[in-house]
Amino acid sequence: MSFDPIKIYPTKTALIEATAHRIANIAAATLQHNDVFSIALSGGSTPEPVYERLAQEYAGSIDWSRIHLFFGDERAVAPDDEQSNYAMVKAALIDHIDIPDENIHRMRGEDDPQAAAKAYETEIKQFFGEDAEQLFDLNLLGMGDDGHTASLFPDTDAVHEDKAWVIAHHVEKVGMYRITLSPLSILKSCNIMFLISGANKADALYEVMEGDKNPDTYPSQVVVRSNHEHIVWMLDEAAAVKIKK
Ligand code: 6PG
């Protein structure tokens, strides 16, 4: 499956619409050859309208019984907390589609973070296989204005985790525990899609894509500067203003 690596849209609305369409297309293409389609969802605010659009436009045209929803990271809060990524995805997408409960693989933010991370690692190993080389068919990642992705934040050991598939750590910057896929499991994704919007991301996006290699400062580089061959960028012009097109 070949990707145009960098797609830039004039507005956030166009970006959101195109991203929902592209995710639906990747799911449909995958389901032509596979029994299921697995996607790791990003949290934050940018993807929320994408999930809403998937629910609005594709509730009836995607066989959600063959879709498995995973999470790239979660805040260590209850699943009904307003900060919960699961709560956001539930309101935007899950509540509007006919998807079996067992197809939703949430990180248990309400539990002890270390226990939740271990439990999630066990869950994805059971789903994909203990020694799986490839995990999620698609991993939808966001990027903060500091260059973090998932909950791999600057100057944290999480950026260099090379054994665990899922980790929990206290992130000073946000003053809370986060549970997150590690670089190892993110890079096991078959396809990776960065969804980035807004002028406030332009500097970090330049540094991540074209700046000096410095993953401790710009953690998204652990993904971007890897040898992963299937990374696609869904950007709006405001975010892409500093990168070479
Ligand atoms: C989270 C996300 C995080 C997010 C970035 C960008 O839990 O917040 O997983 O990595 O993708 O912080 O967030 P925005 O899309 O809100 O800018």
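As the structure lists them, so they are numbered: ligands from 1, and atoms in each ligand from 1. Sequential numbering from 1 along the given sequence is applied to the chain's residues.
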Engineer: Examine the proximity of ligand 1 to Asp145 and report which part, side chain or backbone, both or neither, has a heavy atom under 4.0 Å away.
Structural biologist: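 Asp145 to ligand 1: no contact under 4.0 Å from either part.
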Engineer: Tell me which one of Leu187, Ile231, Ile186 satisfies side chain to side chain contact (heavy atoms under 4.5 Å, CB included) with Asn139.
Structural biologist: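 Option passing the side chain to side chain contact (heavy atoms under 4.5 Å, CB included) with Asn139: Ile186.
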Engineer: I need the nearest protein heavy-atom contact for atom 6 (C) of ligand 1: residue, atom name and distance, please.
Structural biologist: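 Heavy-atom neighbour on the protein nearest atom 6 (C) of ligand 1: Met143 O, 3.5 Å.
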Engineer: Considering only the protein, which heavy-atom contact is closest to atom 4 (C) of ligand 1, and what is its distance?
Structural biologist: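 Protein heavy atom at minimum distance: Gly43 O, 3.9 Å.
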Engineer: Please report the C-alpha distance between His68 and Asp137 in whole Å, then the side-chain angles of each, then the deciding distance to 0.1 Å, and finally whether the side chain to side chain donor-acceptor pair (under 3.5 Å) criterion is met.
Structural biologist: CA-CA 10 Å; His68 283 260; Asp137 293 302; over 6 Å; no
Engineer: At what distance is the nearest protein heavy atom to atom 13 (O) of ligand 1, and which residue and atom is it?
Structural biologist: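 I find the closest protein heavy atom is Gly44 CA, 4.0 Å.
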Engineer: So do Phe71 and Val89 actually touch side chain to side chain, heavy atoms under 4.5 Å?
Structural biologist: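 Val89 vs Phe71: side chains touch.
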Engineer: When you look for heavy atoms under 4.0 Å from ligand 1, do you find them on the side chain of Ala150, its backbone, both, or neither?
Structural biologist: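 Just the backbone.
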Engineer: I'd like to check whether Thr149 has a polar contact with ligand 1, where a contact means an N/O of the residue lying under 3.5 Å from an N/O of the ligand.
Structural biologist: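 The answer is no, given that Thr149 and ligand 1 share no N or O pair closer than 3.5 Å.
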Engineer: In the protein, what heavy atom is nearest to atom 5 (C) of ligand 1, and what distance, to one decimal place, separates them?
Structural biologist: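 The protein heavy atom lying closest is His148 NE2, 3.4 Å.
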Engineer: When you group the ILVMFWY residues by side-chain heavy-atom contacts below 4.5 Å and let the links chain together, are Tyr177 and Val159 in the same group?
Structural biologist: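 No; tracing contacts between hydrophobic side chains, which count when under 4.5 Å, never links both residues.
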Engineer: Which bit of Lys201 gets closer than 4.0 Å to ligand 1, counting heavy atoms only: side chain, backbone, both or neither?
Structural biologist: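 The answer is the side chain.
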Engineer: List ligand 1 atoms under 4.0 Å from Asn85, heavy atoms only on the residue side.
Structural biologist: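 Near Asn85, meaning under 4.0 Å from one of its heavy atoms, ligand 1 has 1 (C), 7 (O).
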Engineer: Going by the order shown, which atoms of ligand 1 are within less than 4.0 Å of some heavy atom of Ser45?
Structural biologist: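 Under 4.0 Å from Ser45, ligand 1 has these atoms: 14 (P), 15 (O), 16 (O).
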Engineer: Identify, by atom number and element, the atoms of ligand 1 in contact range of Gly142, meaning under 4.0 Å from any of its heavy atoms.
Structural biologist: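 So the atoms of ligand 1 that pass are 11 (O).
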Engineer: Contact between Ser42 and ligand 1, counting heavy atoms under 4.0 Å?
Structural biologist: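 Flag set, Ser42 near ligand 1.
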Engineer: Would you say Met107 ends up clustered with Phe127 if hydrophobic residues are merged whenever their side chains have heavy atoms under 4.5 Å apart, either directly or through other cluster members?
Structural biologist: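 Phe127 clusters together with Met107.
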Engineer: So, do Trp233 and Ile243 sit near enough that their side-chain heavy atoms are less than 4.5 Å apart?
Structural biologist: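 Trp233 vs Ile243: side chains apart.
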Engineer: Can you check whether Pro47 has an N/O within less than 3.5 Å of an N/O in ligand 1?
Structural biologist: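 In this structure, Pro47 places no N or O atom under 3.5 Å from an N or O of ligand 1.
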Engineer: Take a 6.0 Å sphere around CG of Asp95 and say whether it holds more than 12 heavy atoms from other residues, nucleotides or ligands.
Structural biologist: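 Counting neighbours around CG of Asp95, more than 12 heavy atoms of other residues, nucleotides or ligands fall under 6.0 Å, so yes.
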Engineer: So does Arg178 pair up with Glu74, basic N to acidic O under 4.0 Å?
Structural biologist: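 Salt bridge between Arg178 and Glu74, a charged N being under 4.0 Å from a carboxylate O: no.
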Engineer: Is the CD atom of Glu82 crowded by more than 12 outside heavy atoms at less than 6.0 Å?
Structural biologist: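 Atom CD in Glu82 is not packed in, count stays at 12 or less.
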Engineer: What is the closest protein heavy atom to atom 8 (O) of ligand 1, and at what distance does it sit?
Structural biologist: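 So the nearest neighbour among protein heavy atoms is Arg75 NH2, 2.7 Å.
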Engineer: Answer yes or no: does an N/O atom from Ser151 fall short of 3.5 Å to an N/O atom of ligand 1?
Structural biologist: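 No: no nitrogen or oxygen of Ser151 is under 3.5 Å from one in ligand 1.
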Engineer: Donor-acceptor check, side chain of Gln114 to backbone of Ala168, threshold 3.5 angstrom: yes or no?
Structural biologist: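 Pair found, side chain donor or acceptor close to backbone of Ala168.
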Engineer: What distance do Glu121 atom CD and Leu181 atom CG have between them, rounded to the nearest 0.5 Å?
Structural biologist: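 Reported value, rounded in 0.5 Å steps: 10.0 Å.
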Engineer: Within the structure, is a non-hydrogen atom of Arg178 found at a distance of less than 4.0 Å from ligand 1?
Structural biologist: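 Distance cut 4.0 Å: Arg178 passes for ligand 1.
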Engineer: Between Asp73 and ligand 1, which residue portion shows a heavy-atom distance shorter than 4.0 Å: side chain, backbone, both, or neither?
Structural biologist: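 The answer is the side chain.
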Engineer: Note the single closest protein heavy atom to atom 15 (O) of ligand 1, along with its residue, its atom name and the distance in Å.
Structural biologist: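 Among all protein heavy atoms, the one nearest atom 15 (O) of ligand 1 is Thr46 OG1, 2.6 Å.
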